[in-house]
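In each ligand, atom 1 is the first atom listed, and ligand 1 is the first ligand listed. Bear in mind that the values here come from a model prediction, so they are computed numbers and not experimental data.
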Amino acid sequence: MNIQQEIEMLTKEVESQALKTSEQLESFRLEYLSKKGKIPALFQRFREVDASERKEVGRVLNVLKNQAEDLFKVAKDEIETTSSAPEATFDASAPGIPFSTGSRHPLRLVANQLYEVFSRIGFIVAEGPEIEDDWHNFSALNFPEEHPARDMQDTFFIMNDPSMALRTHTSSVQVRMMETRKPPLRMIMPGRVYRNEAISARAHCFFHQVEGIYIDKNVSFADLKQTMLYFSRELFGADTQIRLRPSYFPFTEPSAEMDISCTVCKGKGCNICKYTGWVEILGCGMIHPNVLKNCDIDPEEYTGFAFGMGIERIAILKYQVKDLRLFSQNDIRFLKQFTGE
Ligand code: DAH
């Protein structure tokens, strides 16, 4: 067989190759492309080709070589990508892959219950910013200049603008609402608040509050007391008692701290209520005339009450949680205990 016939024959052979597996690929390489393969052997013989035929034989030989190399490369790529891809099998009868869903947070459950209870007596929900200016967090609320809450030890101020702080209470939202709306106002304001406290089972550098205000003509302390009694019984049970103790807040006058009868021992005395039968849950009072004036509400025409409570505190009492830190650790085993999921 002369060299030209042989090139023609090999070309046909190469074209008819099925290279589907890595074994087929390897034997193709050995047979045609490797040093001792058929194509390099033809290049050896090419040296003996007559000068008159060299040009044409050289051309077809190179075409054959390129064709074999291309075929090899394409098949190699194909085999490599398909072997590294995951098995494309689908078993419709296999059981589903279970994934765990989240759970409603106990603080959210308490907040939702508060919204529900207060909405029944006409309160709406309002929110305000967590980074607050001095006016809304302190001055408008009648805080004197030297009040300890204005101290760096108690409040997180913003370093590059010390007139701004992380709000220390939701009472700042009272001010924002009174400034922008006209009485009658009946609203609760939930949100996160911040205080510079060492983190322990009983304190954290942030917690949540719900503030409430009711401002209208002739709102009295009796309205405050009745509203507090109503919501306490809705939240903690119909046999709950409340008591108000005189207290001081710059933004209310008179001010009071409110206790409810211990939900655990029903007033008999236990370690939750420290054997007093009562647990403190909120601060409240009649809105100070200076605060109303600061918000352009005439204290001769309108009066109002306000109250503020920690949501964690309510949740701790309701669910008897022993450690405040559990609320912010996001352990699903803890969180799932409150929704019964
Ligand atoms: N702002 C108070 C605090 O953070 C709670 C409070 C007390 C809010 C009395 C009120 C109120 O609106 O009338 O401790």
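- If you check each of Ala256, Ser172, Gly283 against atom 9 (C) of ligand 1, the one with the closest non-hydrogen atom is Gly283.
- Here Leu166 is tied into one hydrophobic group with Ile131, Phe156, Ile158, Met164, Tyr194, Phe206, each link being a pair of ILVMFWY side chains closer than 4.5 Å.
- If you number the atoms of ligand 1 from 1 as listed, the ones under 4.0 Å from a heavy atom of Gln174 come out as 12 (O).
- Checked by atom type and distance alone, the side chain of His105 never pairs as donor or acceptor with a backbone atom of Leu335 at under 3.5 Å.
- Of the options Glu211, Arg195, Arg167, the smallest heavy-atom separation from atom 3 (C) of ligand 1 is shown by Arg195.
- In this structure, atom 2 (C) of ligand 1 lies nearest to the protein heavy atom Phe251 CZ, 3.8 Å.
- If you run side-chain hydrogen bond (donor to acceptor under 3.5 Å, both in side chains) between Glu312 and each of Gln209, His208, Arg202, only His208 comes through.
- Listed by atom number, the atoms of ligand 1 under 4.0 Å from Thr252 heavy atoms are 13 (O).
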Carefully, step by step, assess Asp259 and Arg245 under the rule salt bridge (Lys or Arg N to Asp or Glu O under 4.0 Å). CA-CA 8 Å; Asp259 301 336; Arg245 287 177 287 107; 2.8 Å; yes
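- Under a 4.0 Å criterion applied to the non-hydrogen atoms of Gly285, ligand 1 contributes the atoms 13 (O).
- Counting the atoms of ligand 1 from 1 in the order shown, those under 4.0 Å from a heavy atom of Gln209 are 3 (C), 4 (O).
- Of the candidates Ser171, Gly308, Gly212, Ser171 brings a heavy atom nearest to atom 1 (N) of ligand 1.
- At distances below 3.5 Å, not a single donor-acceptor pair connects side-chain atoms of Ser139 with backbone N or O atoms of Trp135.
- Side-chain atoms of Phe327 and Ile316, non-hydrogen and from C-beta on, do get closer than 4.5 Å to each other.
- In this structure, Met309 has no heavy atom closer than 4.0 Å to ligand 1.
- Using the six-membered ring where Trp is involved, Phe338 and Phe334 have ring planes that are perpendicular, over 60° apart on the 30 and 60° scheme.
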